[in-house]
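Just so it is clear: chains get the letters A, B, ... in the order the sequence lines come, proteins before strands, and each one is counted from 1. The structure displayed is predicted, hence computed values, not measured ones.
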2 protein chains.
Amino acid sequence: MPSVTLKEIAETLGISIATVSKALKGYPDISESTKQRVQELAKSLNYHPNSFAQSLRTQQSNLIGLIIPEIVHHFFANIIQGVIDEAKKEGYLVIVLQSDESYIHEKEQLQLLLEKNVDGILISLSDKTVHYKHVKEVIDAGMPVVLYDKISKSLDCSKIIIDDRGAAKDATTHLILRGCQKIAHISGPLKPQTTIDRYLGYKDALKEHGISFQKELVYTSENLSYEDGYALGEQILIDHPDVDGIFSFTDLVATGALTKIREMGIKIPDQVSIMGFSNWFLARITTPTLSTVDQPGYRMGQEAFKQLCKEIKMTKDQEIILPEIIKIPTKIVQRQSTR
Amino acid sequence: MPSVTLKEIAETLGISIATVSKALKGYPDISESTKQRVQELAKSLNYHPNSFAQSLRTQQSNLIGLIIPEIVHHFFANIIQGVIDEAKKEGYLVIVLQSDESYIHEKEQLQLLLEKNVDGILISLSDKTVHYKHVKEVIDAGMPVVLYDKISKSLDCSKIIIDDRGAAKDATTHLILRGCQKIAHISGPLKPQTTIDRYLGYKDALKEHGISFQKELVYTSENLSYEDGYALGEQILIDHPDVDGIFSFTDLVATGALTKIREMGIKIPDQVSIMGFSNWFLARITTPTLSTVDQPGYRMGQEAFKQLCKEIKMTKDQEIILPEIIKIPTKIVQRQSTR
DNA sequence: TTGAAAGCGCTAACAT
DNA sequence: ATGTTAGCGCTTTCAA
């Protein structure tokens, strides 16, 4: 791809390279007529600047890195979209990498992005990451980094999160207000923090409404799968036939439980109400449709980029960055699985 | 980020920049001892080459662009993953862009990628793209381009596709072999080509089994939505109570139809069998689960990158590229919605 | 075995 | 208003 350079334009027009460069950028000290001539020729030659040369000079790439635990995932896919859309507005392009919930990949990919000289990095920590030296090093090297969704409190950088605990409390409260007296909770492995927070939110709601917490009403899904939910739905009702509400920490598991319970001939929501978490696409198409907490991925992606962009600018201006924690509001989406 | 340069290493060691560069790349004409010293220092200083300078010299970025119509989409998300994984193996990073099924975005994004000097582009045409000058220009400029999934026959470049017509024929045949006599087809707007091909495959199967094609058994979903399927499912059985099989051109619409038909008290698959297309995640969680055609997105992504990579190398070596058309095999996934 | 030097294409301070 | 010049960090040819 032998592309057009400033030099060629300059030679054709018999002026200097510097003048061409300035004319193209609309510097005020270039005469209108020259600007005209240059810009016309540039257009007709389909000139576009060589981004490597530009980046080499300016030391910025207009590229950011986005490390995501899992791409094929409704929530994360929404985040990707939010980031890309927002980045485009500011002229940034996004390199997407998948950590696959693996610490090793996460570390490698951080390195790759560093080597590509991206201007900043957005990362959601993998569930298997337990120490954060690799991230800290990148931050310490002066690279703007913003964490989203799965974060670590020990990392000193900006974070975009939802209030998992508050949202879970809202979800459980929703069940209580609709008349549920005995509410089971399906939780997950106690990592990431989001899972713990949802569990705590569940307890908060019970407490606030004077319902005593019973440990045996808390079940654990190890694989976060539909099948887990299917099995647990049955188990819960065998162990506690009088359970009239279930709050699951994630939609997919809730969907499994809902399906099994319906198949058992139990009426939803009349006998048992079910509440999920995330508002995945599938919550709209189950029978009955699933009430859940909307976790606004797109919005999180947008905010994450905005914050990162701000920090990129500050870094360039040598300003000191004060990490911010931005909480994105969630809301209850009521559908047919709760009264 | 004041990073370490070759110059610094050279000065520290009292040797020339060129020697450092060669030592780091393991050139045979550098003594082992020098290599040792250089490599050790580089490591301890955490040196990594400035990618802009490298790219400026070598004119390659090790970056490719991936334009996808829709990120929040099970099939396309799988493609993204396939591309990223495969690209990583070859040391490439992927810039992801979403065209949103818009011709204007598609055109803009192609331009952005060109300006970023990516080494190659992977693109699936938006449904609203009807002429291809913008893509052709990029190809003519010498940029390696590979089309995947939604392609145009008029574009002279490699293409990665599935055999939609054959797969649809298989799906319809599956229904016929399971005893369906009167099979309706839900199709979509006759753009992209994939939709047309699936319709033709449906006809092929009927013909092969001596079933006469009836135009009134073909319905159209305008929005490719669950709601469309829900409405059409009812409509089909009102118009033709004796229909005993439905082949939908896409899973989401099939899911809507399946739900409505079940709600109407009609037994699936005993009275009506339903077949989808794509094998989206949701096909596993409907009640009954949905039989469908597996459209291997991940594999397509991998193959698309492999082909692109091949062409990038060939372009670099000034070889002539002969466009290839690669068909990825599909397979029928039988679940509960067909006998 | 090593180094000098040119140059990739661009920007920007400085000079004219 | 325009041009000169230096240099961003690297690779690679050619000379020593």
Side-chain angles (χ1 to χ4, degrees), chain A residues 1-39 41-42 45-63 91 114-119 142 316-317, chain B residues 1-39 41-42 45-63 91 114-119 141-142 316:
Chain A
M1 294 230 305
S3 44
V4 191
T5 65
L6 289 185
K7 194 174 160 198
E8 277 176 61
I9 298 182
E11 281 169 1
T12 316
L13 256 34
I15 55 179
S16 80
I17 295 176
T19 305
V20 176
S21 172
K22 288 183 192 168
L24 249 17
K25 310 210 110 168
Y27 271 55
D29 60 354
I30 299 293
S31 72
E32 275 310 317
S33 69
T34 309
K35 276 186 195 168
Q36 284 268 321
R37 292 196 306 146
V38 170
Q39 281 165 3
L41 184 60
L45 256 34
N46 191 24
Y47 167 82
H48 60 93
N50 180 309
S51 69
F52 307 139
Q54 261 178 335
S55 294
L56 182 57
R57 274 295 311 208
T58 60
Q59 291 301 345
Q60 63 160 30
S61 58
N62 287 307
L63 234 35
L114 216 55
E115 286 173 17
K116 261 287 173 290
N117 296 289
V118 294
D119 294 340
K316 205 166 54 184
D317 299 344
Chain B
M1 296 231 304
S3 44
V4 191
T5 65
L6 289 186
K7 194 175 161 197
E8 276 176 62
I9 297 182
E11 281 169 1
T12 316
L13 255 33
I15 55 178
S16 80
I17 295 176
T19 306
V20 177
S21 172
K22 289 181 190 167
L24 250 17
K25 310 211 109 174
Y27 271 55
D29 60 354
I30 301 292
S31 73
E32 275 310 318
S33 69
T34 308
K35 276 186 196 168
Q36 284 269 319
R37 293 197 304 146
V38 171
Q39 281 165 5
L41 183 60
L45 256 35
N46 192 24
Y47 167 82
H48 58 94
N50 180 308
S51 69
F52 308 138
Q54 259 177 337
S55 294
L56 183 56
R57 274 294 311 212
T58 61
Q59 293 299 346
Q60 63 159 29
S61 58
N62 287 307
L63 234 35
L114 216 55
E115 285 173 15
K116 261 288 173 287
N117 295 289
V118 294
D119 294 341
K316 205 165 55 185

Measure from [atom1] on [X] to [atom2] on [N] and round the result to the nearest Å.
{"X": "A:Ile9", "N": "C:dG9", "atom1": "CD1", "atom2": "C1'", "result": "12 Å"}
{"X": "A:Asn62", "N": "C:dC10", "atom1": "CG", "atom2": "P", "result": "16 Å"}
{"X": "A:Arg57", "N": "C:dG7", "atom1": "CZ", "atom2": "P", "result": "19 Å"}
{"X": "B:Leu13", "N": "C:dT2", "atom1": "CG", "atom2": "P", "result": "11 Å"}
{"X": "A:Leu6", "N": "C:dT11", "atom1": "CG", "atom2": "P", "result": "6 Å"}
{"X": "B:Gln36", "N": "C:dT1", "atom1": "CD", "atom2": "C1'", "result": "16 Å"}
{"X": "B:Gln59", "N": "C:dG9", "atom1": "CD", "atom2": "C1'", "result": "8 Å"}
{"X": "A:Glu8", "N": "C:dC10", "atom1": "CD", "atom2": "C1'", "result": "14 Å"}

Would you grab the first and last nucleotide of DNA chain D (5' to 3') that comes under 4.0 Å of any non-hydrogen atom in chain A?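 Both ends considered, the range comes out as D:dA1 to D:dG9.
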With sugar-phosphate meaning primed atoms plus P, OP1 and OP2, does [X] contact a base, only sugar-phosphate, or nothing at under 4.0 Å between heavy atoms?
{"X": "A:Lys22", "result": "base"}
{"X": "A:Thr34", "result": "sugar-phosphate"}
{"X": "A:Asp29", "result": "base"}
{"X": "B:Ser21", "result": "base"}

OP1 or OP2 of C:dT11 less than 4.0 angstrom from a side-chain nitrogen or oxygen of A:Gln54, does that happen here?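 Affirmative; the distance criterion is met.
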Side-chain N or O of A:Tyr27 less than 4.0 angstrom from OP1 or OP2 on C:dT11?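 For C:dT11, OP1/OP2 do not have a side-chain N/O of A:Tyr27 under 4.0 Å.
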Mind checking whether B:Val38 and B:Lys22 have side chains closer than 4.5 Å, heavy atoms only?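 No, side chains not in contact.
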Heavy atoms, side chains only, cut-off 4.5 Å: are B:Asn46 and B:Val4 in contact?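 No, every pair of side-chain atoms sits at 4.5 Å or beyond.
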Using the side-chain heavy atoms of A:Ile17, tell me which of these nucleotides is nearest: C:dG9, C:dT11, C:dT2.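 Given the options C:dG9, C:dT11, C:dT2, the side chain of A:Ile17 is closest to C:dT11.
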Straight-line distance of A:Phe52 CZ to B:Thr58 OG1, nearest 0.5 Å: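 If we round to the nearest 0.5 Å, A:Phe52:CZ and B:Thr58:OG1 are 7.0 Å apart.
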Relative to the 5' end of DNA chain C, which residue comes earlier, B:Ser16 or B:Leu56, by the nucleotide with the nearest heavy atom?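 That would be B:Ser16.
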Donor-acceptor pair, distance only, cut-off 3.5 Å: does the side chain of B:Gln54 make one with the backbone of B:Pro49?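 Absent.
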Step-by-step side chain to side chain contact (heavy atoms under 4.5 Å, CB included) determination, B:Asn50 to A:Gln59: CA-CA 10 Å; B:Asn50 180 308; A:Gln59 291 301 345; 3.8 Å; yes
Show your reasoning for whether side chain to side chain contact (heavy atoms under 4.5 Å, CB included) applies to B:Val20 and B:Leu13. CA-CA 9 Å; B:Val20 177; B:Leu13 255 33; 5.5 Å; no
If you assign each of A:Glu32 and A:Ala18 to its closest nucleotide in DNA chain D, which residue comes earlier from the 5' end?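 Looking at the nearest nucleotide for each, A:Glu32 comes out on the 5' side.
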Compute whether any side-chain donor of one residue and acceptor of the other, for B:Ser61 and B:Asp119, lie under 3.5 angstrom apart.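 Yes, side-chain donor-acceptor contact under 3.5 Å.
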